[in-house]
Amino acid sequence: MTAARALTDTHGRTIDYVRLSVTDRCNLRCTYCMAEDMTFLPRRELLTLEELAELARHFVARGVRRIRLTGGEPLVRRGIGDLADALGALSVDGLAELTMTTNGMALPAHAARLAAAGMRRINVSLDTLDPARFAAITRGGDLAQVLAGLDAAQAAGLAVKINMVALNGVNDHEFAAMLGWCGARGFDLSLIETMPLGEVSGRREDSYLPLAAAREALELRYTLIPSIHRTGGPSRYCDVVETGTRVGFISPLSANFCASCNRIRVTATGTVYGCLGHDQNVELRDILRSGDGAALDRALDRLLKGKPARHDFDLSDPEPAVARHMSVTGG
Ligand code: SAM
Ligand code: SF4
């Protein structure tokens, strides 16, 4: 058994972070993420909760220290609390952090359970504080429900970071207001550039906004001091003097960060991708179902051997960089 071997790729990067998608389904339809008429996979094709937990155990045995549950919307997966319990228990085997990215809608029902499972912080996606604009971006979402979710997360003791996708002509006048609001609530904020993943209605390049422009807008109101803070992800952080919180910038297009990539992504059906921006992958579901741990190790080694050096996102290309949506790979 070779389970103690670290997950190291041919570019010298060690993988200690896994994004684990638990469903491709979602209770929202954000314009930059999905098409309105998005279809979802039959549930029988998804890994079971037991298989997800088994895979997580295997990853931890190979040196993975952080797991982020994502989707789709992870909180719409039935049994998510049980899965969080099973993964939280992996802390004794070396899992240092279990986190989640969620749209927050179902947090009132789940926040306390997640905290009890050992989760300490979560990312909640929120692109605007305007109810009408929120409904437009998410195609029908109710901002009040997300705000209730954020209250529930705080009441449960979860630290919150807000993820805001910067959308030219949509929320580009709201960056300073969002930072001020986050600061008042004690939330960190990450701004994210849109990435060309999957077909959506409309042209992505129209809504693409390089984050340098967002930073300039913030600096008219706030003092940003570059910070050495890292959360294991690609965000580059600044301390915000006036609020005592942080703002992070995730700029895959305008400032490539692939050289320090430490992650792989597993879809809800057990396909593991070496890179968000490439199709290079290995199928794990059948191997998992065979119960052959050595075969699982070999499959992961195959993935790492082919893990691309970097993404090749190019917004001037009319085709998306990859056909699969962010909700399939797991954001
Ligand atoms: N449903 C959850 C949520 O929205 O937080 C988790 C999954 S979602 C795919 C994860 C993150 O990806 C969200 O913060 C979302 O805003 C972001 N996202 C989705 N599509 C994107 C795209 N094309 N470019 C950049 N970020 C995207
Ligand atoms: Fe759903 Fe998240 Fe995609 Fe929005 S970004 S449609 S909440 S998966």
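Note that ligands are numbered from 1 as they come in the structure, with each ligand's atoms numbered from 1 the same way. Numbers for residues simply follow the sequence, beginning at 1.
- A salt bridge links Glu174 with Arg133: at least one charged nitrogen is closer than 4.0 Å to a carboxylate oxygen.
- Of the candidates Gly72, Gly71, Cys26, Gly72 brings a heavy atom nearest to atom 1 (N) of ligand 1.
- When heavy-atom distances to ligand 1 are checked against a 4.0 Å cut-off, Thr101 comes that close through both its backbone and its side chain.
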Derivation of the side-chain contact (heavy atoms from CB on, under 4.5 Å) call for Leu47 and Leu55: CA-CA 10 Å; Leu47 296 185; Leu55 189 54; 4.1 Å; yes

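- Here Val124 has no heavy atoms under 4.0 Å from ligand 1, in either its backbone or its side chain.
- Residue contacts with ligand 1: Tyr32 is placed with a nitrogen or oxygen under 3.5 Å of a nitrogen or oxygen of the ligand (distance criterion only).
- Numbered from 1 in the order shown, with element, the atoms of ligand 2 that lie under 4.0 Å from a heavy atom of Gly72 read 8 (S).
- Here is the list of ligand 1 atoms found below 4.0 Å of a heavy atom in Met195: 22 (C), 23 (N), 24 (N), 25 (C).
- For atom 1 (Fe) of ligand 2, the N/O/S atoms of Cys26 include one lying under 2.8 Å.
- Annotation: Thr102 places an N or O atom under 3.5 Å from an N or O atom of ligand 1; distance criterion only.
- Remark: Arg65 is not positioned above the aromatic ring of Tyr17, lacking an NZ or CZ atom under 6.0 angstrom from the ring centre and at most 45 degrees off the axis.
- The shortest N or O to N or O distance between Ser125 and ligand 1 is below 3.5 Å.
- Those atoms of ligand 1 that come under 4.0 Å of a heavy atom in Thr194, given as number and element, are 24 (N), 25 (C).
- Close contacts between ligand 1 and Cys33 involve ligand atoms 19 (C), 20 (N) [criterion: under 4.0 Å to a heavy atom].
- Heavy-atom proximity to Thr70, at under 4.0 Å, picks out these atoms of ligand 1: 6 (C), 7 (C).
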Worked verdict on Asn103 versus Val124 for side-chain contact (heavy atoms from CB on, under 4.5 Å): CA-CA 5 Å; Asn103 63 32; Val124 179; over 6 Å; no

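- Residue contacts to atom 4 (Fe) of ligand 2: Cys33 brings no N, O or S atom closer than 2.8 Å.
- Not a single heavy atom of Met164 sits closer than 4.0 Å to an atom of ligand 1.
- Distances below 4.0 Å separate heavy atoms of Asn103 from the following atoms of ligand 1: 2 (C), 3 (C), 5 (O).
- If you number the atoms of ligand 1 from 1 as listed, the ones under 4.0 Å from a heavy atom of Val165 come out as 16 (O), 26 (N).
- Under 4.0 Å is where a charged nitrogen must lie from a carboxylate oxygen, and between Lys307 and Asp9 no such pair does.
- Taking a cutoff of 4.0 Å between a charged side-chain nitrogen and a carboxylate oxygen, Arg221 and Glu242 do not qualify as a salt bridge.
- Arg62 has a carboxylate O that lies under 4.0 Å from a charged side-chain N of Asp301, or vice versa, which qualifies the two as a salt bridge.
- The closest side-chain heavy-atom distance from Met164 to Ser190 is not below 4.5 Å.
- Follow the hydrophobic side-chain contacts under 4.5 Å out from Val76 and you never reach Leu28; the two are in separate clusters.
- Ionic pairing of Asp85 and Arg113 is present here: one or more N-O contacts between side-chain nitrogen and carboxylate oxygen are shorter than 4.0 angstrom.
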